[in-house]
Amino acid sequence: MNVIVCLKRVPDVAEIDLQVDASGKSIKTEGLPYVLNDWDNYALEEAIRIKEKTGGKVYALTVGEEADEEVLRRALALGAEEALRVWDPSLREIDPYVIALLLSKTIKDNAIPFDLILTGVQAQDDGYAQVGPILAELLSIPHVTLVNRLELQEKRVKVKRELEGGLEEELEVELPALFTIQSGINEPRYVSILGIKRVAKKEIKVLDLSALKLDPGEVLPKIKVEKLFPPPVGKGAEILKGSLDEISEKLLEIFEKGGVI
Amino acid sequence: MGKVMVLVEHRKGEIREITYEMLKKAQELDKEVEAVLIGEDLSELKQKVRPYCSKLITVKVEGLNEFNSEPYQQILSQLLTQRKPKILLIGHSSQGMDLAPSLGVALGCGVITDVVDFGFQNGEVWAIRQVYGGKLSAKVKASSETVILTVRSGSFDPQGLLVLEGEEEEVSFPLAPFPYKRFLGFLEAPKAEVDITQADIIVSVGRGIGGPENIPLAEELAKALGGVLACSRPVVDKGWLPKERQVGTSGKTVKPKVYIALGISGAFQHVAGMKGAQMIIAVNKDPKAPIFNVAHYGIVGDALQVIPNLLNKLKGRKK
């Protein structure tokens with residue numbers, strides 16, 4: 001089976017004091033570490049496993065600038081056959097609809113043959129959880145979100161979706177279809193630096209708006225970020241300070257007061 | 001006609017709480033609140049929702065007891081094209097996540113997902129949502145004729161819902177068959193060996209615990225305090241602890257006397273499952289971690305250094 005997997009490179013903001021830039025609409029990105037979006041990592045692993053099991057090809061796609069090719073190299077190192085990147089300098093305001101539109105045009109115009117499309121459930125930066133289902137709609141194929149198990153059958157797939165509170169549902173879907181992959185579905189394999197070096201020269205196809213026969217006027221966002229700001233902070237925690245010993249003593253006091261010990 | 005329409009969320013014959021949360025906010029924005037209820041057997045469900053809206057639109061579909069995004073999308077595209085509400089509210093749940101984005105494409109309208117607040121301004125709809133794991137908030141706008149918002153659960157308190165006793169309007173739409181996605185059934189979580197929802201004291205670990213080799217240390221602390229060990233989602237995803245130990249929206253909701261969060265950043269999905277704890281103590285290396293917004297006491301540091309020291313003090317105390 002042929003699988004398309006859509007990937008996004010995102011800043012890893014754990015333990016980072018994020019700053020809003022002068023526009024007020026995005027963050028200062030200088031010096032931030034970047035990673036493959038965690039959910040996409042699971043989607044990529046699932047795509048590779050399907051290929052290994054059934055044969056066929058994996059196509060890795062991303063919308064982004066040259067630096068974003070890093071996530072495509074990772075896919076190539078894991079065994080993806082082809083990688084495509086879409087970008088155009090005229091793209092300013094991007095929303096999930098624009099990303100999905102560019103991906104859908106790329107898939108159609110390049111006539112990429114696919115049985116399944118996999119994306120992550122959401123991105124860890126903006127967390128919209130929209131690109132997957134929009135892409136499916138633009139391609140007129142069914143989609144299932146929050147998939148935590150995929151069982152391939154002839155021409156169809158049995159999937160499990162994660163609902164709330166530990167409940168799951170089981171669905172049967174005809175192919176071709178798009179699935180947004182939930183974290184924990186598999187154990188993504190490790191990619192060595194050597195493995196990535198080995199595919200450093202492999203071609204990545206780059207497409208701009210004219211290559212996709214799109215006019216900038218057709219690629220307009222449906223929603224716009226007006227500003228970013230620090231979230232309202234509640235009362236906040238009383239921070240215990242001092243040496244480890246002092247902190248432990250304070251914790252013991254708190255435990256005693258709370259009747260824990 | 002009202003400006004705000006609410007999609008009623010239900011499962012297994014029960015109205016989901018998010019429905020009332022959305023109705024409450026809709027009532028605050030506009031006197032006219034319409035709700036849409038889709039399903040097969042609606043007689044009991046509609047009694048539970050109709051009192052709180054000015055009009056309850058019911059769409060009875062044979063064979064559609066449980067949610068399926070395909071027929072829902074067909075029905076709502078036709079309904080919204082007719083009625084043109086300014087806002088359609090859908091829960092940011094497993095149902096809303098499957099439905100809203102593609103419905104937006106079908107209608108050509110803007111969709112803002114996972115919002116915690118919203119309103120109108122100069123004919124536009126604005127919404128507040130969290131980005132970067134809750135480290136920043138974003139104000140997002142959309143100006144299409146109808147805007148779809150998916151609402152994060154727990155954002156609005158349903159207490160004080162006004163009783164409007166609206167009328168019911170039954171409607172039906174032609175439906176193409178929906179053969180692509182067939183619902184086979186629900187799968188309940190297997191019975192847990194340890195029931196963390198019953199514990200008074202919970203020691204909970206997150207990604208910041210570093211690796212599975214450090215789990216026994218946290219377990220030792222839990223035992224020393226007479227509590228049980230729980231965790232956040234990434235720990236289950238990585239296979240360090242079983243699913244039955246997971247606290248959060250896709251896991252369990254706990255309300256212990258004391259909740260000690262070790263190396264947990266405090267993503268919304270986790271906080272939703274533990275914010276009812278009487279006392280929350282958080283240890284995290286990142287002083288900006290959102291967990292410190294809900295914790296009563298915080299320690300900025302490495303849990304792997306804090307735990308052994310605390311264990312020593314606990315042992316010393318017992319002698």
Side-chain angles (χ1 to χ4, degrees), chain A residues 13-15 17-18 20 27 96 124-130 133-134 136-138 142-146 160-164 166-174 183-184 187 222-231 233-234 236-240 244-245 247-249 251-252 254 258 260-261, chain B residues 93-94 97-98 101-102 105-106 109-114 130-142 144 180-189 201 225 236-237 239 249-252 257-258 265 279 282 285-286 288 292-300 305-306 309-310 313 317:
Chain A
V13 301
E15 292 171 47
D17 189 8
L18 281 181
V20 178
I27 55 165
Q124 65 200 65
D125 52 359
D126 55 28
Y128 283 114
Q130 288 203 49
I134 294 178
E137 188 68 18
L138 292 172
H143 69 265
V144 181
T145 55
L146 294 158
K160 279 202 308 190
R161 287 189 80 210
E162 187 180 279
L163 310 176
E164 289 76 20
L167 190 70
E168 295 174 330
E169 70 178 345
E170 206 168 21
L171 300 162
E172 204 171 55
V173 189
E174 285 178 40
S183 59
E187 206 177 308
K222 304 265 187 202
I223 62 175
K224 289 182 181 183
V225 173
E226 194 180 64
K227 62 170 178 176
L228 295 181
F229 56 97
V233 179
E238 178 191 332
I239 300 295
L240 310 181
L244 277 176
D245 282 338
I247 286 172
S248 290
E249 292 294 346
L251 279 173
L252 288 184
I254 293 166
V260 178
I261 50 174
Chain B
S93 59
S94 58
M97 289 170 83
D98 220 41
S102 47
V105 178
C109 66
V111 180
I112 310 176
T113 42
D114 199 12
Q130 293 192 334
V131 291
Y132 299 104
K135 286 196 160 184
L136 288 172
S137 289
K139 186 174 188 182
V140 184
K141 283 189 164 181
S144 46
Y180 296 121
K181 204 150 71 170
R182 205 158 66 83
F183 173 74
L184 299 177
F186 290 119
L187 304 164
E188 303 284 346
I201 294 157
L225 293 171
V236 175
D237 284 348
T249 46
S250 59
K252 301 209 163 119
K257 288 188 180 135
V258 181
S265 67
M279 187 202 287
K285 276 194 258 184
D286 182 359
K288 293 282 169 92
F292 291 125
N293 295 338
V294 293
H296 303 94
Y297 298 100
I299 295 154
V300 178
Q305 290 179 345
V306 174
N309 190 287
L310 182 59
K313 290 274 187 316
R317 192 178 163 278

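Quick caveat, the model's predicted, so the values are computed rather than measured. Note on naming: letters A, B, ... go to the chains in the order of the sequence lines (proteins, then strands), and numbering restarts at 1 for each one.
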So which part of [X] gets closer than 4.5 Å to some heavy atom of chain A, the side chain, the backbone, both or neither?
| X | answer |
| --- | --- |
| B:Met279 | side chain |
| B:Val306 | both |
| B:Ser93 | both |
| B:Val294 | neither |
| B:Lys257 | neither |
| B:Ile201 | side chain |

[X] and [Y]: which non-hydrogen atoms are nearest, and at how many Å?
| X | Y | answer |
| --- | --- | --- |
| A:Leu167 | B:Leu187 | CD1-O, 3.7 Å |
| A:Leu171 | B:Phe183 | CD2-CA, 3.5 Å |
| A:Ala237 | B:Gly298 | CB-N, 3.7 Å |

Hey, what do you get for NZ (A:Lys224) to CD1 (B:Ile112), rounding to the nearest 0.5 Å?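 Output value for this atom pair is 12.5 Å.
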
Could you tell me the separation between the CD atom of A:Glu15 and the NZ atom of B:Lys288, rounded to the nearest 0.5 Å?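 Those atoms lie 13.5 Å apart.
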
Can you tell which part of [X] gets under 4.5 Å to a heavy atom of chain B, answering side chain, backbone, both or neither?
| X | value |
| --- | --- |
| A:Val20 | side chain |
| A:Ile247 | side chain |
| A:Ala136 | neither |

Run the side chain to side chain contact (heavy atoms under 4.5 Å, CB included) check on B:Lys141 and A:Ile223 step by step: do they pass? CA-CA 6 Å; B:Lys141 283 189 164 181; A:Ile223 62 175; over 6 Å; no

Out of [options], return the one with the most heavy atom pairs under 4.5 angstrom to chain B.
| options | result |
| --- | --- |
| A:Pro231, A:Gly258, A:Pro96 | A:Pro231 |
| A:Glu170, A:Glu169, A:Glu174, A:Lys227 | A:Glu170 |
| A:Asp245, A:Val173, A:Val13 | A:Asp245 |
| A:Gly166, A:Ser183, A:Pro230 | A:Ser183 |

Between chain A and each of [options], count heavy-atom pairs under 4.5 Å; write down the option with the most.
| options | result |
| --- | --- |
| B:Ser265, B:Gly110, B:Ala138, B:Ala282 | B:Ala138 |
| B:Ser102, B:Ala189, B:Ala295 | B:Ser102 |
| B:Gly251, B:Pro101, B:Gly239, B:Ser137 | B:Ser137 |

Measuring only between side-chain heavy atoms, which start at C-beta, is [X] closer than 4.5 Å to [Y]?
| X | Y | answer |
| --- | --- | --- |
| B:Leu136 | A:Phe229 | no |
| A:Leu146 | B:Asp98 | no |
| A:Gln130 | B:Val111 | yes |
| B:Lys181 | A:Val144 | yes |
| A:Ile261 | B:Leu225 | yes |
| B:Leu310 | A:Leu252 | yes |
| B:Val131 | A:Asp125 | no |

Could you tell me whether a side-chain N or O of [X] sits under 3.5 Å from a main-chain N or O of [Y], the two making a donor and an acceptor?
| X | Y | value |
| --- | --- | --- |
| B:Thr113 | A:Tyr128 | yes |
| A:Arg161 | B:Ser94 | yes |
| A:Lys222 | B:Ala142 | no |
| B:Lys313 | A:Glu249 | no |

Considering residues, nucleotides and ligands other than A:Glu187, do more than 12 of their heavy atoms fall under 6.0 Å from its CD?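 12 or below, so no.
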
Go through it in stages, so that I can follow the logic: the residues are A:Leu244 and B:Gln305, the test is side chain to side chain contact (heavy atoms under 4.5 Å, CB included), and I'd like the CA-CA distance, side-chain angles, deciding distance and then a yes or no. CA-CA 8 Å; A:Leu244 277 176; B:Gln305 290 179 345; 4.0 Å; yes

B:Lys135 and A:Asp17 ion-paired at < 4.0 Å: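 Between A:Asp17 and B:Lys135 there is no salt bridge, as every charged N stays at least 4.0 Å from the carboxylate O atoms.
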
Partners passing salt bridge (Lys or Arg N to Asp or Glu O under 4.0 Å) against B:Lys252 (at least two apart in sequence or in another chain):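 Testing B:Lys252 for salt bridge (Lys or Arg N to Asp or Glu O under 4.0 Å), a comparison that skips the adjacent residues, returns none.
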
For A:Glu164 and B:Ser250, which I'm curious about, is there any donor-acceptor pair between the side chains at under 3.5 Å?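 No donor-acceptor contact under 3.5 Å links the two side chains.
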
Dump the intermediate steps for side chain to side chain contact (heavy atoms under 4.5 Å, CB included) on B:Ile299 and A:Leu251, then the final yes or no. CA-CA 10 Å; B:Ile299 295 154; A:Leu251 279 173; 3.6 Å; yes

Given the rule in the side chain to side chain contact (heavy atoms under 4.5 Å, CB included) test, do B:Tyr132 and A:Asp126 qualify, once you have shown the distances and angles that lead to the verdict? CA-CA 6 Å; B:Tyr132 299 104; A:Asp126 55 28; over 6 Å; no

